[in-house]
Structures are given as structure tokens and as C-alpha cells.
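A short worksheet on the structure shown next.
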Amino acid sequence: MAEAAQANDTDLIQGRTGAWEIVLGLEVHAQVVSKAKLFSGAATAFGAEPNTQVSFVDAGFPGMLPVINEYCVEQAVRTGLGLDAEINLHSVFDRKNYFYADLPAGYQISQYLQPIVGKGTITLDLPGGRTRAVGITRLHLEQDAGKSLHDQHPTKTYVDLNRAGVALMEIVSEPDLRSAEEAGAYLKKLRSILRYLGTCDGNMEEGSLRCDVNVSVRKPGAPLGTRCEIKNVNSIRFVGQAIEYEARRQIELLEDGGEIRQETRLFDSGRGETRSMRSKEHAHDYRYFPDPDLLPLELDAAWVARIKASLPELPDAKKARFMKDFDLSTYDAGVLVGEQETADFYETVASGRDPKLAANWVISELFGALNRAGKTIAESPVSAPALGELVGLISDNTISGRIAKDVFQAMVETGKGAAAIVEEKGLRQVTDTGAIEAEIDRIMATHADKVAEYRGGKDKLFGFFVGQVMKATGGKANPAMLNELLKKKLAG
Ligand code: ADP
Ligand code: MG
């Protein structure tokens, strides 16, 4: 709960009058993955021609009746279960009344006092392997509005109703977050869980995930301050910027003896600042009442239990398993479970192989290559079994880790398998002690002066000899063997 959540000292902001604590609660609108809308059979695909996916219900024609889409309800329940939340077997749809050009019915069907999902939890993954639980207040189902297009005509605004009636889940957090960083961690974790569940694609650019940020400040230990709500911030980076700006604004205002008015604000990403949109006095009176066209939603406990039994392994459980079974660090496990595709890829690479080595290769080399190429893991030029083969060649000493990087580069460029490249280019590691010894003898003979210096106490020269032998063997001498043999020989 709010009062229990303590800010880290490093999260406090220093003002003229001392330290301030930021308090944040997030309201996230997540578009439900469903082919049809919440109360009509119209399609939901992104990017269609305007007004081609609109039924009479969505257009608010008189006399049209909404019919609940069971799949959307199932998706909301699945999400609630994934957030460890109470599922309310009895919930109610209400009309939220307001007038806007892109809301043809003059009201939005939403849930108010009796939402489908109650209290739950999200665990934040923070730097240094720290975690923190953040409370979920509720999740409710509602319809999206249409879209006003202001930039299509010099004097007119057009309305596209394709989005009208699409199912949204509004997920509300407790005021438990204490910094822009925590808000970012919350959104990332929520998005990760939604994607694992397949209930929202989490695409913020396309508006599938939109965030309202409630910000207040207080002196540590003081009661909660008055909050401002920043509407519809559409990237994690902008959420961070909006919070930093808004907290500073509030602190300066309070320190100058002013008062915070509860209001709705907009974030202007171009200027990096928030602006007042409407004050509490001008807040809407939504005149909520139960929608007379819809019966209360009654869920069957056995149906909910079946959905629960079908949930995939979620990021937290997977992370714990990776740490336990594969002995991975919190950080590595956290990175690997962020996306289901990455976790699956890793498990294939690690299958029957050294799991830590596999983790290093996925996180450093593969992610590096994907970043440089601007590709996702699904588009990886090196498949999981192919990377597994490479890791296997390192483990069984066929090639050194150093050579493996060259082999990997060749795999990225040619799409050929690791073993094939090693054979083709003759990169097999030299593990024949006789052959390595012969090279050492030769190098020591050519650099007799350096051998004498080394024996006279100039230890640093060891690296020089390693380098010479490596050069002579084309980098293929087994590093561990080379070190051991060289030490012995130089000792005389
Ligand atoms: P409303 O219905 O007006 O949106 P809610 O009580 O539902 O109000 O709160 C909305 C969001 O504001 C929630 O995420 C909640 O955690 C957050 N919140 C409430 N009080 C504060 C506060 N003092 N500071 C920051 N966030 C707050
Ligand atoms: Mg709200």
C-alpha cells in the first residue's frame, strides 16, 4: 500500500527546502488482442482504411444492441490471473456519459463500481537485481472511442470510427511507484506479462498500450499530496520525461508557497513539458449508471479455473527457474525472460549445453549483432540450434572463445553452420600439446633475449610470449594449454 512503499534515498529530489518524494500511480489502457470488438462483430485490425470496420453498434445507431464478446472477457480474466489478481465472478457494465465527436453513442460502455478484476500485484525488476511489489487496484473492460483526424483538411475534422468499440482493459495501479525509473520498470513488466499472456500486443507506437500518469510530491513521511494526471503518454521514455518535469514543477510551486490544483495535464513531447488541460472544477461529470442493454456479467468459477490452468509460465516464474536450474545471475535471467521469444531461443541454445556460456552468447554476441542489424530475435540471422552448435564447439574445446567470435560473424554473414565454417576455414583449435610445445620452443629460441629478461623478473613479458604463439598458430592454440605449457617452459 501507498504508505508502506518507501522511496530509495536516491529517488528523492532535492529542493530548496529539503528532500521531496515523488508518488505515482499509473492508469494503463491496454487494447485487447481480439479479432472482433467488445460488443460487435466488426474487425479490429490496425491500419485499415478509415470507417471500414464499423458496425451499426459501433456507430451508435439508435436501437442497436451490444452483445458481449466472450473472447474479450476471457482475455480480461486471463490478464487478471496473470497479475495475481482477484477475479470478480459478478461484474457490471456502466455507461460513462460524455459528448465528443468521436463517441457516437454519447457514452462509453465501461465498468465502474464493480470491475471484472480486483486487487493484484506486479513485481518490478530494478537495477542491481532488486525487486519490488506494486499493487494493482483493479482492471476493468471498456470500449475505445473513435479517432478525430484534425490534419486531413484545412477547415474540417474527420472522424474515423474503426477504433470505436474496440475492447480495452484499463489497468489501474496503487500509488506505489516512487520514481520515473520505477514507472518505466512497471510499464516494461506489465507489457512483458501482457505479451506472454497474448492479451495485448503492447505496441505503444500503434497505441495498443497508452498510459495516464498520476503525479504528486510530498516530504518523506508526509500524507499523500494532491495529484495531477498526465493523459495519454505514448512511450516509456515520454512517461519518464513527463514525470521528471511534472515533479519539478510541483516542487517549485510548493516551495514558492503555492498550492497544487488537482487537474488533468497534457505532455508536450516536443517541449518536454506538461500543460494544463482541464482543472478539477471543469472535470467531467460522467453520470455513470448500469447499462440497461447489458446484463451483469456472471462468470463460472470452473471456467475461470480452466483459464488459470492454461496460463503459460510467466516472466517471474521463468526467471526464478532460470536462476535455479541454470545458475544464472538475476540480471542475465531478467534479460532473457523479458520476451517469450528470447526465453524460448535461449532455452534451445542451452539445451544439453553449458547454460551460462549459452546465456553469455545470447546476451552479448547475439543481442549485439541484432542491435547492429536493427533486427528482432524472430528475425535473427543465426537460429537457436545453430548458436547452440557454436556453444557446443566451445565447450568441447573444438574452438576457443576468441575464434568463436569470428565463426559467429561468419555465421551471421553467410548463414552457414558453425561446424561447417570451422572445417572450411581450418579453425579447429590446436589441443595437441606436442604441436603447441614445438611453437613455444621456436618462439623462445627466436627471442632468447626476452626469455632472459623474463627469467630475470620481468613477468609482464608473459603476455608477449602468449601473443607470439597465438600469432604463429593463427589464434588456434588452446589458451588454457598454452598458458600452462608456456609457464612450465619459461620457468626453465
Ligand atoms: P480517478 O478515478 O479520478 O482516476 P483514482 O482513485 O482511480 O482516481 O486514481 C487514479 C490513479 O491515481 C491511480 O493509479 C492511483 O494510484 C493514483 N493516485 C491516487 N492518489 C494519488 C496521489 N496522491 N499521488 C499520485 N497518484 C495517486
Ligand atoms: Mg481513473
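Throughout, residue positions are numbered sequentially from 1 according to the sequence presented. Every number for a ligand or one of its atoms is a count from 1 in the order of the listing. Note that the coordinates shown come from a computational prediction; the quantities given were computed from them, not determined experimentally.
Contact annotation: for L26 versus ligand 1, heavy atoms closer than 4.0 Å belong to the backbone alone.
Taking every heavy atom of both residues into account, D11 and E182 meet most closely at OD2-OE2, 4.0 Å.
Interface atoms of ligand 1 facing V172, defined by a heavy-atom separation under 4.0 Å, are 13 (C), 14 (O). For ligand 1, the atoms sitting less than 4.0 Å from at least one non-hydrogen atom of V23 are 24 (N), 25 (C), numbered in the order shown with element in parentheses. Atom numbering of ligand 1 starts at 1 in the shown order; those under 4.0 Å from a heavy atom of G225 are 23 (N). When each atom of ligand 1 is checked for a heavy atom of S173 under 4.0 Å away, the hits are 13 (C), 14 (O), 15 (C), 16 (O). Annotation for ligand 1: atoms under 4.0 Å from non-hydrogen atoms of G25 are 14 (O), 16 (O), 17 (C), 26 (N).
Using a 30° and 60° split on the angle between ring planes, Y288 and Y286 fall in the perpendicular class, above 60°. Between F326 and Y346, the ring planes are perpendicular. Angles over 60° get that label, and only those under 30° would be called parallel.
Here atom 5 (P) of ligand 1 lies nearest to R227 when heavy atoms of E229, R227, E174 are compared. Between I22, N214, D212, it is N214 that holds the heavy atom closest to atom 17 (C) of ligand 1.
A donor-acceptor contact shorter than 3.5 Å links the side chain of R265 to the backbone of T274.
Not less than 6.0 angstrom separates the ring centroid of Y112 from the ring centroid of F93.
Residue contacts with ligand 1: P175 is placed with a nitrogen or oxygen under 3.5 Å of a nitrogen or oxygen of the ligand (distance criterion only). For ligand 1, none of its N or O atoms has an N or O atom of T226 under 3.5 Å away.
By the 4.0 Å N-to-carboxylate-O rule, R275 lies close enough to D268 to be salt-bridged with it. Salt bridge R261/E259: absent, no basic N to carboxylate O contact under 4.0 Å.
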